Number of protein chains: 2
Amino acid sequence: MKTSSIPRNAVYRLSLYRHCLQQFHEGGIQTISSDALAEAAGVKPTQLRKDLNYFGQFGTRGRGYNVEELLRAATEVLGTNRLQPVVLVGVGNLGSALMAYQGFARAGFQILAGFDVEWQERQKHRQFTQLILSLDELATFCRKNKVKLSILTVPASAAQEAAEQLVKAGIRAILNFTPTVLRLPKSVTVNNVNLAIELENLSYFGR
Amino acid sequence: MKTSSIPRNAVYRLSLYRHCLQQFHEGGIQTISSDALAEAAGVKPTQLRKDLNYFGQFGTRGRGYNVEELLRAATEVLGTNRLQPVVLVGVGNLGSALMAYQGFARAGFQILAGFDVEWQERQKHRQFTQLILSLDELATFCRKNKVKLSILTVPASAAQEAAEQLVKAGIRAILNFTPTVLRLPKSVTVNNVNLAIELENLSYFGR
DNA sequence: TAGATTGTTAATCGATTAACAATC
DNA sequence: TAGATTGTTAATCGATTAACAATC
């Protein structure tokens, strides 16, 4: 399992496979071929097999894959075998929605708290169960709760500075919803989700 | 400008360049080199030049690019030179947040209305200005307002059916937030934004 | 054993980067 | 003209796919 040299897209697709496997598992299916799983995930069977082989050898020739086994293996590889703590910085519209979003919990993530410069004001109107704290408490909180993952939903103008605070707090990976290209140490992983760009992209192709 | 054969990633990056150009433009900068623009967008200069050349020839050798001109050209190519109408289906937590999200307007998009099976209930608690309508009105509404773009934020179980309704309503492109692999005619463009997968991905790399 | 299906190599395809001639 | 910087070709790199031997 060479952590490097595994294409990022392969890891991404592993999540996709995991999701499909979960469905098959819930449906009571015990064994599945690369053909059927690939079909469900919307990829070519040969790509599925290649992807899986980056992480190990899970199938039985002539038989296929044991759903439960492969599901467990994928979950293990992705590190979501236990509930993972997450912090969110920037509790505006989008941030609030993500705090309340049930899809994260289903995937094994738990947003422990939100952080915001106007935390007192935000606290009053919050529509979810978690607390909103001051950014001053970020570092202490993350250390205490061993948080390595974060979601960044501040305004673009505050993004770089907030990101640096996250890094100082020991955060290893940031899901960045701001349209800012973050400049951070290479040791920190950043995944950008730029909603405006996604729409622009659709605008181009949707004609 | 061969619409096909242009890599999807090149289009995606064009949006990125556009965003940077907008910033430079607002900052009063008139001319920019591929080096400086690439630096701002976080790509290699040679990639920037290659990308731009898919769409035409915009620079002056020895000089660089005229910011305003290139900005206008990129906007034109992406089709956001005028405000583009969008509909959203599934006005839950995430859907509501996106209805209120200001970033779309800034990028030239306007969500005209939300659609939901429980539209009457949703209508009462809504936190934004647009109307929430019944799915029965979707097709008529889209035709009347010439809507080609849509955002899909329904529960996974309702995704495929809702997507098909969108297609029937004449929608050409869907920004899909559900973890469902949509099966639609090839003529319809689908961009998937899978938040759970993004987090899983971070979980893998953030260690 | 025969049929099925994986794991893996080799071929293909596409995207990124380096290099440089064109030209302002 | 000399210096700068684009546009574009060719080389590299990486990812996808086809093919098939291994093996259940």
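In what follows, chains are A, B, ... by sequence order, proteins preceding strands, each numbered from 1. Please read all numbers here as calculations on a predicted model, not as lab measurements.
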Taking the side chain as every heavy atom from C-beta outward, state whether [X] and [Y] have any pair of such atoms under 4.5 Å apart.
X        : Y       : answer
A:Phe104 : A:Val86 : no
B:Ile6   : B:Phe55 : yes
A:Tyr54  : A:Leu14 : no

[N] [atom2] sits how many Å from [X] [atom1], rounded?
X       : N      : atom1 : atom2 : value
B:Leu70 : D:dT5  : CG    : P     : 16 Å
A:Glu39 : C:dT5  : CD    : C1'   : 17 Å
A:Leu48 : C:dT8  : CG    : P     : 14 Å
A:Lys44 : C:dT6  : NZ    : C1'   : 19 Å
A:Asp51 : C:dT6  : CG    : P     : 14 Å
B:Tyr54 : D:dT8  : OH    : P     : 12 Å
A:Phe55 : C:dT8  : CZ    : P     : 15 Å
A:Arg49 : D:dT16 : CZ    : P     : 15 Å

Legend entry - For D:dT17, the Watson-Crick or wobble counterpart (both distances under 3.5 Å): C:dA10
Legend entry - Paired nucleotide for D:dC24 [Watson-Crick or G-U wobble; both distances under 3.5 Å]: C:dG3
Legend entry - Spacing of A:Thr178 atom OG1 and A:Leu195 atom CG [to the nearest 0.5 Å]: 11.0 Å
Legend entry - Below 4.0 Å: OP1/OP2 of C:dG7 and any side-chain N or O of A:Tyr65: yes
Options [options], nucleotide nearest the side-chain atoms of [X]:
X       : options               : result
B:Asn53 : C:dT16, D:dT17, D:dG7 : D:dG7
A:Ser34 : C:dT6, D:dT16, C:dC20 : C:dT6
A:Lys50 : D:dT8, D:dG7, D:dT17  : D:dT17

Inset, instruction - Specify the residue among B:Arg61 and A:Thr46 whose closest nucleotide of DNA chain D lies further upstream toward the 5′ end. - result: B:Arg61
Inset, instruction - Please tell me which of A:Arg13 and A:Arg63 maps to the more 5' nucleotide of DNA chain D, matching each residue to the nucleotide holding its nearest heavy atom. - result: A:Arg13
Inset, instruction - Examine the side chains of A:Glu164 and A:Gln160 and answer whether a donor and an acceptor come within less than 3.5 Å of each other. - result: yes
